Amino acid sequence: MAKKHNDYVDLKEKPIPEGRHLLEVDDLKMFFHTEDGIVHAVNGVSYTLDRGETLGVVGESGSGKSVTAMTLMGLIDMPPGKIEGGNAYYRGESLLEMTEEQMQHIRGNDIAMIFQDPMTSLNPVYKIGRQLGEGLRLHRGYTKKQALERSIELLRLVGIPNPEKRVNEYPHQFSGGMRQRVMIAMALACDPDILIADEPTTALDVTIQAQIIELMQEMQQKNGNAIIMITHDLGVVADMADKIMVMYAGRPVEFGTADEIFYESRHPYTWGLIRSIPEQAIDEKKPLTPIHGNPPSLVNLPSGCPFAPRCPYAVDVCHEKEPEHITTETGHYSACHFADDPAFLKFAPDTSRSRGKIATGTPDTLATSAEGSEA
Ligand code: SF4
């Protein structure tokens with residue numbers, strides 16, 4: 001039954017039109033118009049996402065991963081931001097054409113985001129229960145008592161011991177891992193269709209990282225929600241993503257299933273990310289290889305392939321002509337001039353030995369030993 005609050009019909013109760021997807025991002029372009037020039041922050045991003053699926057979005061800082069998500073959520077100030085092309089549809093409805101009032105209902109209720117740093121995302125002067133219950137009162141019309149009861153239930157769900165007591169505590173009374181769990185509880189409060197997790201484990205140690213990722217997967221199995229996992233670390237999404245989009249300089253440079261990205265990658269930037277995973281370096285019996293240089297300025301993009309100044313395989317054509325997406329029959333694409341050249345693809349890292357082993361960077365033993373400990 002469609003739930004109504006303030007005359008708003010909950011979009012997640014609306015059936016997805018036939019032939020459409022839960023989320024469709026179609027050639028999205030969003031640029032910032034600044035005094036220094038035009039920042040090409042999101043430049044031609046496309047993907048689809050269905051319920052129960054996980055998409056990993058991977059790239060270095062400044063590659064456009066978070067800005068793409070924030071554009072979908074209507075969290076970018078326009079101006080200086082401006083949609084320059086493309087669209088994004090949630091259950092067939094354009095997110096970009098919604099009013100701010102409609103977006104306020106979507107955010108938290110239909111599409112929720114877990115931010116990187118729980119300490120700055122939680123308000124230090126309000127008790128955890130109040131912050132958890134806010135969305136429920138706003139989107140679901142819960143009374144104060146109902147919101148408190150549900151907050152206790154949510155804290156229990158994300159593995160916080162003694163939730164009846166902790167719901168009345170302040171963020172500083174929680175450890176880093178526990179605060180991140182609170183953020184997950186907050187994001188899950190209204191049972192969103194899509195959970196966007198922006199580097200949710202970056203500030204946490206490797207043991208807690210594994211617990212948080214496991215928790216998100218458990219929640220997904222229970223609720224069937226879709227997850228967009230944004231990270232700079234390919235290893236984090238290795239065993240949780242169904243498909244992966246690798247971004248560089250505001251654009252997707254490779255897209256495919258997790259297996260295609262790890263074991264049949266066709267882009268030198270992805271090769272660099274794979275060679276930066278410690279476990280992979282061990283398996284290749286080579287030292288950890290960093291990607292030299294820095295990402296380009298999004299105001300003054302180099303001509304040709306944006307990765308050319310850092311690419312060890314760049315030749316003249318790379319500096320002259322921007323590569324198009326070369327797509328395989330399965331939809332795996334790569335923005336490299338040589339993505340379909342078998343001789344070139346021999347330079348790819350040998351991931352055969354690490355099949356099934358590259359994971360969250362956390363050995364099973366660590367994850368097991370951490371069970372029951374206060375994260
Ligand atoms: Fe490297 Fe050239 Fe491919 Fe760009 S097009 S990734 S510079 S080989």
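Excluded from the calculations below are hydrogen atoms, water molecules and symmetry mates; all remaining heavy atoms, backbone and side chain alike, are included. One-based numbering, in listed order, for ligands and for the atoms of each. Small disclaimer: the values here were computed from a predicted structure and weren't measured.
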*Do Trp271 and Phe344 have their ring centres less than 6.0 Å from each other?*
yes
*asked:* Within the 4.0 Å heavy-atom shell around His267, which atoms of ligand 1 are there?
replied: 6 (S)
*Using a strict cut-off of 4.0 Å, indicate which atoms of ligand 1 neighbour a heavy atom of Cys336.*
3 (Fe), 5 (S), 6 (S), 8 (S)
_Beyond-backbone contact of Leu55 with Met229, side-chain heavy atoms, under 4.5 angstrom_ = no
*Where is the nearest protein heavy atom to atom 5 (S) of ligand 1: which residue, which atom, and how far?*
His337 N, 3.4 Å
*Quick one: does His40's side chain get under 4.5 Å of Asn300's, heavy atoms only?*
no
*Is the Phe307 ring parallel, tilted or perpendicular to the Tyr269 ring (thresholds 30°, 60°)?*
perpendicular
*Measure from atom 8 (S) of ligand 1 to every heavy atom in Trp271, Phe338, Tyr248 and give the option owning the shortest one.*
Phe338
*Starting from atom 4 (Fe) of ligand 1, which protein heavy atom do you reach first, and at what distance in Å?*
Cys305 SG, 2.4 Å
*Identify the protein heavy atom lying closest to atom 2 (Fe) of ligand 1, giving its residue, its atom name and the separation to 0.1 Å.*
Cys318 SG, 2.3 Å
*May I ask you to test the Phe262-Leu234 pair for a side-chain heavy-atom distance under 4.5 Å?*
yes
*Which atoms of ligand 1 are found less than 4.0 Å from any heavy atom of Pro268?*
1 (Fe), 6 (S)
_Between Tyr313 and Phe347, ring centroids under 6.0 Å_ = yes
*Are any N, O or S atoms from Cys311 nearer to atom 1 (Fe) of ligand 1 than 2.8 Å?*
yes
*Side-chain (Arg91) to main-chain (Lys14) donor-acceptor, under 3.5 angstrom*: yes
*Give the numbers and elements of all ligand 1 atoms closer than 4.0 Å to a heavy atom of Ala308.*
7 (S)
